[in-house]
Every structure is written in structure tokens, then in C-alpha cells.
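Please read the structure below before turning to the comments.
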Amino acid sequence: MDLIKVKVDGKNKDVEMLSLYKSFVGYEKKKYEENPTVGVLVNGKLEPLSERVDGKEDIESVPLFSPLGKRIYRKTLTTLLSYASSLIYPGRALTIGHSLGDGYYFYYPDNLLFSVSDLTDKMKDIAKRKVEIEKVSLSHDAAMKYAERTKQEETAVLLNSLNLNSYEFLKCGSYYQLYTEPVLPDFSIVTLWELREYGNGLLLRYPQTRNIMQIMPFAENRLLFSVFNESMRNEEAVSIRSLGELNMSIANGSIAHDILLMEAQQRRKIIKISDMILNKKSARLIFIAGPSSSGKTTFSLKLSDELRILGKKAIKISLDDYYKPRSEVPRDETGDYDYEVLEALRTDLFQQQMKDLLSGKGVHLPSFSFIKQETMFSEREYRMDEDTYLVIEGIHGLNPDLLPDLDPELSFRIYISALTVLNLDSSTRISTTDNRILRRIVRDNRTRGADAVETLNRWPSVERGEKYHIFPYQNNADVMINSALDYEMAVLAPKAIPLLRMVRKEDGIAYPSAKRLLSFLSFISPVDSSLVPGDSIVREFIGSSVYWTT
């Protein structure tokens, strides 16, 4: 066999042509707790260990305990459950739902009984036997026949909407799953997880970053679960429950009407929340919090409009206007400015102004310029009366330390996030995080001139801040709202794709992320942004909102 020279983790190495990556990067004979290599970056692109070396390549090992490694592990874990289910319940389509804390929710659309213990035992047996996972190519006809025979309706609709000559699939025994991103070459190290009954389905839990060596004690999150379930019911009302159905709506011309229905559903949620606020007679401060690119600003403006329709007044306040100048912002462990912490805000000014407003005094609200790094104050003096609400939005809106002395009866707290419930197909979810990343890439390029590299490289810091400063307080909310709209990916895709294509290998972690997003976006048919209403939350990201001039 011919030998070729490659570079592996910075060192030159001679390997056999067409040998598997797993044969020379340290995957074999390792266990989960030994942090094995679970993938490779080949010339900057993430590839599975089951692929073969075929030329001059710069190869970098991807360890399990890394952001990319954990993603590979979790995708392999969901495949393990789907495979186990196909063996125990052939002909029943186990469907992946949404993420929930440290796990993924699954359900059987037929609502028939299932056994968690049987599924658990089968998953452990598959891992123990080191069942291999292959990547194979299926023709369109063969893939359709398999999807129809196994009742994977979402997969069948997606394939019909794409109508390609062939597709890549993962193969485990007689089970096939549409290939969307790298997985492990077998299930041998997929040993740390928990499967439990939850709601009407299953919750498949995985280890979290803060304690990678064990499954954390289960934490209930009923409020978030109820929001996801409500969103899934909304999908059924519009008859778009998967990406394939969205593509078909675009193809047959019904998408314009479907967009109006989705926007109307979201508008009804906002009306319902405004009624809840009025029903809490003592409430005067409305706090709106959520992670990056959740649509907090547009939602706060739409909610303010609904309150005005009900005969009330609303003063909209953004916590971003209380930022300290960069020289006073704390730094994180990497030495970068940490804008995600509460200490980055002038909480003393905020607390004094809220106290003054509640006591009937007038205040001049701040406006912070990130470009000039300075605070200016409004010429207008703002005052409250008995019909006035303060609508306060920002990532720290639910943090009790923001206004520690506030009487809880004076507040109404709202958590907002883009909780994507649209599936790629029966076995593959569309990540809520990916939705928000695409929103931010498009928005920051339009409003700040930031390229996709800047957004993608900064995202780990954003996620770190959310994990510590937003998510722990989400259950403090009186109500949650989902800002995701099932059509928005089709609007964001044609705007994001050119930006993602500009990311290069030299751009670090942004490159494999860009490649993965481009691969995912290739499944989506585009929608003309002119169909998006002017007051839509989506307009906050693509532009031409009625609330802004840009």
C-alpha cells in the first residue's frame, strides 16, 4: 500500500493511502473518561473518523471534551436511541423533538406504549457490542422506500422536497438515518447518558460541560417544556411540522399565507401576555430577558404597542444603555472584555432611576454609544403615572440582583427565546442555537459591518455568558414566549449563505462551524424577504422593520 505524508496535530506522519482516520489519531482502545479523539479537522473541516485519508492533508484531532467533540458525541447518542428503537419497535417512527436543558425530548407520534427500561437495555447492549456506524449512499428511490416502510414521514417529505439523485445516510445494521453531520465510527464510548420517561415521551440526557464526567441530578423545567409543546401545536395548526413541509409550502406557493398565519399566532401570544400584565394589578415594571438574538427589542416594542391599545402608557428601557465604558468592563478568564456579566452595567444608575420613576420623579434616560464608548442622556424627562408601565429589556432582566430591593408584586417577568421546534426530519432536530447564530450573523453584518468570522468566533463567549447569567434565571419568569417563526430559516438562509462562504480555514473555529451551517442550509428552499411583515421579529435581523430606519 502506498504511503503518503500528512500532518497530524502539527507533526509529519507517513500513513497508508485510504486508511481510516481512526486508525492513526488515537480513537482505538479508549473509553469515554479517557477523553478520546472523536473526530478530525481535515484542512479545517470537521470530518468523521470513519472517513479515509486521500491526499496531502493537515489533520487536527478533535477530543471528546471539546465543543466540537461534545457535538459529535450528542449526535451519536441520539442515533443510538433511534437505532435501539428501530430494533425494539420496528415500523414505529421515534421522532426527535426539542432540546430541554441537558437533554433531547423524543416521542412516538402513534402515542402507543413504550418501555424505557427495554430501550435503555438495548442501547447499552449496542454500545457493548461496538456496533459500527457506516456512511453510505442511497438513491432517491431507495431512500424513499426505506422512509415510507419505516414510517419516517418527515424524512420522506424532506426527500421529496429535495428530489436529488442520491443522499448520504448513516447505516447501523438494518437502520438508516439521513447524514447531516459527523458521528463516531461506532457506539463503544457512548456510555454516559440517561434515558427517562418525560411528558408523553422520552428525555435523553447527556453530560454537561460543567461536569463532563457524570450526569447531573435531574432539574425539572416544566415552563420551558410547556412553551415547546404550545409551539408544536401551533405547527400543527399551520400544517408545517418539518423542514420538508416548509419546502413544499414554498414550492406550491402557499408560503405567503402560511407566514401570515405564523405571525398571527405570535401576535396572539403577545396579546395574551399583555392581558396577563393588566390582570396583575400591582405590576408596573415589565422585565424581558432572553439569550442573544432572541428578539427582545422587537418583542418589547410590540408589547408596548399592545399596552397602548389597551389604554396604557409604556416607557421602553434597554439595559444595553446602562453599559459602562470599555475601560470599566470586567474581563473574562481569557482576558477579553466580558459584556455578559451584570457588573458590566451601571446598576447604580439603573437602580436610582427606577426608584425615582416609581416615586413619581422625572428622569432623563441614558443612551450608550458602543462606538464612542460614552453615555448620553435624553433631553426628554420621563415620568410615570398610574397608567404607565416600564418595559425593561436586556439579558439580565430576570436576575434578582438587578433590582434587589424591588417588591415582587411590582414586577412582571417575561423570558423570550427562539425555541426552534421545526425538525430537519424524523431523526434530526434543527438547533435552537443555530437559529440564533444565523439571526446574529445576518443582523451584525447589516448593522455593525461584522463578518461571519467575528460572530462565529465570539459565539462561545456568548454561550458561556448565557449559561451563567441568563439560563439559571429563566424559571423566575411569570411567562415564557417563543420568538422563533418556522419560516424564518428560509428567509435567513439566502442572506447568511454568502457570508458563511467567506469564512476560510485560517479563521479558526469559525471555519468548521461555517461549513456545518452551510451543509444544513443546503436543505432549505429560499423565501423572498419581501413576504415578511414590517413589524415581524424577523425584521430585527434582516432589516426594514417599521420600528427602525435601517
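No more than 12 heavy atoms of other residues, nucleotides or ligands lie within 6.0 Å of NZ in Lys45, so this atom counts as exposed by the packing criterion. No more than 12 heavy atoms of other residues, nucleotides or ligands sit less than 6.0 Å from atom OH of Tyr468. By the neighbour-count criterion of 12 heavy atoms within 6.0 Å, atom CE of Met502 is sparsely surrounded, having that number or fewer from other residues, nucleotides or ligands. His364 NE2: more than 12 foreign heavy atoms inside a 6.0 Å radius. Residue Arg267 qualifies as open at atom CZ: its count of foreign heavy atoms under 6.0 Å is 12 or below. Within 6.0 Å of atom NZ in Lys7, 12 or fewer heavy atoms from other residues, nucleotides or ligands are found, so the atom counts as exposed in its surroundings.
With hydrogens and angles left out, the side-chain atoms of Tyr511 and Glu506 include no donor and acceptor closer than 3.5 Å. Using modelled atom types and a 3.5 Å distance limit, the side chains of Ser545 and Glu540 yield no donor-acceptor pair. For Arg440 and Ser292, the side-chain atoms include at least one donor-acceptor pair closer than 3.5 Å. Under 3.5 Å, the side chains of Thr95 and Ser426 contain no donor-acceptor pair of N or O atoms. No side-chain donor from either of Gln352 and Asp348 sits under 3.5 Å from a side-chain acceptor of the other. Residues Thr298 and Arg539 have side chains that never bring a donor and an acceptor to within less than 3.5 angstrom of each other. Between the side chains of Thr432 and Asn435, no donor N or O sits under 3.5 Å from an acceptor N or O. With no hydrogens or angles considered, a side-chain donor-acceptor pair links Tyr547 and Asp305 at under 3.5 Å. Looking at Arg71 and Thr76, their side chains never bring a donor and an acceptor atom within 3.5 Å of each other. In the model, Ser50 has no side-chain atom that pairs as donor or acceptor with a side-chain atom of Lys135 under 3.5 Å. Remark: the Thr297 side chain and the Glu393 side chain contain an N/O donor-acceptor pair separated by less than 3.5 Å. Side-chain contact of Gln351 with Tyr322: a donor-acceptor pair under 3.5 Å is absent, judged by distance alone. Between the side chains of Ser369 and Glu374, no donor N or O sits under 3.5 Å from an acceptor N or O.
A cation-pi arrangement is absent between Arg443 and Phe541, since the terminal nitrogen or guanidinium carbon is not both under 6.0 Å from the aromatic centre and inside a 45° cone about the axis.
Considering only heavy atoms from C-beta on, Met354 comes within 4.5 Å of Ile317 through its side chain. Two residues are said to be in side-chain contact when any heavy atoms from C-beta on lie closer than 4.5 Å; Ile414 and Ile286 meet this criterion. In this structure, the side chains of Tyr73 and Ile212 stay at 4.5 Å or more apart for every pair of heavy atoms. The closest side-chain heavy-atom distance from Glu51 to Pro48 is below 4.5 Å.
Contact check on Arg458 versus Asp336 returns no salt bridge, with no Lys/Arg side-chain nitrogen under 4.0 Å from an Asp/Glu carboxylate oxygen. Comment: Arg241 does not engage Asp486 in a salt bridge, judged by the lack of any side-chain N to carboxylate O separation of less than 4.0 angstrom.
A centroid separation of less than 6.0 Å is found between the aromatic rings of Phe370 and Phe368. If you look at Phe169 and Tyr179, their ring centroids are not closer than 6.0 Å.
For Thr428 (side chain) and Asp425 (main-chain N/O), no donor-acceptor pair under 3.5 Å exists by modelled atom type. No donor-acceptor distance shorter than 3.5 angstrom exists from the side chain of Thr388 to the backbone of Lys313, with no hydrogens or angles considered. Although no hydrogens or angles enter the test, the distance criterion places a donor-acceptor pair under 3.5 Å between the side chain of Asn423 and the main chain of Ile96. With hydrogens and angles ignored, the 3.5 Å screen pairs no side-chain donor or acceptor of Asp332 with any backbone N or O of Asp338. In terms of modelled atom types and a separation under 3.5 Å, the side chain of Asn457 and the main chain of Ala510 share a donor-acceptor contact. In this structure, the side chain of Asp478 engages the main chain of Arg413 through a donor-acceptor pair within 3.5 Å. In terms of modelled atom types and a separation under 3.5 Å, the side chain of Asp507 and the main chain of Arg504 share a donor-acceptor contact. Checked by atom type and distance alone, the side chain of Asn445 pairs as donor or acceptor with a backbone atom of Ala450 at under 3.5 Å. With Lys515 contributing its side chain and Arg501 its backbone, the two residues share no donor-acceptor pair below 3.5 Å.
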Side chain to side chain contact (heavy atoms under 4.5 Å, CB included) between Tyr389 and Leu285: does it pass, once the steps are laid out? CA-CA 6 Å; Tyr389 290 90; Leu285 286 77; over 6 Å; no
Evaluation steps, salt bridge (Lys or Arg N to Asp or Glu O under 4.0 Å), between Asp535 and Lys302: CA-CA 8 Å; Asp535 67 341; Lys302 289 167 76 76; 3.3 Å; yes
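Aromatic ring orientation, Tyr337 versus Tyr339: tilted (interplanar angle from 30° to 60°). The aromatic rings of Tyr206 and Tyr104 lie tilted to each other, with the angle between the two planes from 30° to 60°. Using cut-offs of 30° and 60° for the angle between ring planes, the Phe225 and Tyr105 rings count as perpendicular.
Test Arg205, Arg210, Lys467 against Asp102 for salt bridge (charged side-chain N to carboxylate O under 4.0 Å, His left out) and you get one pass: Arg205.
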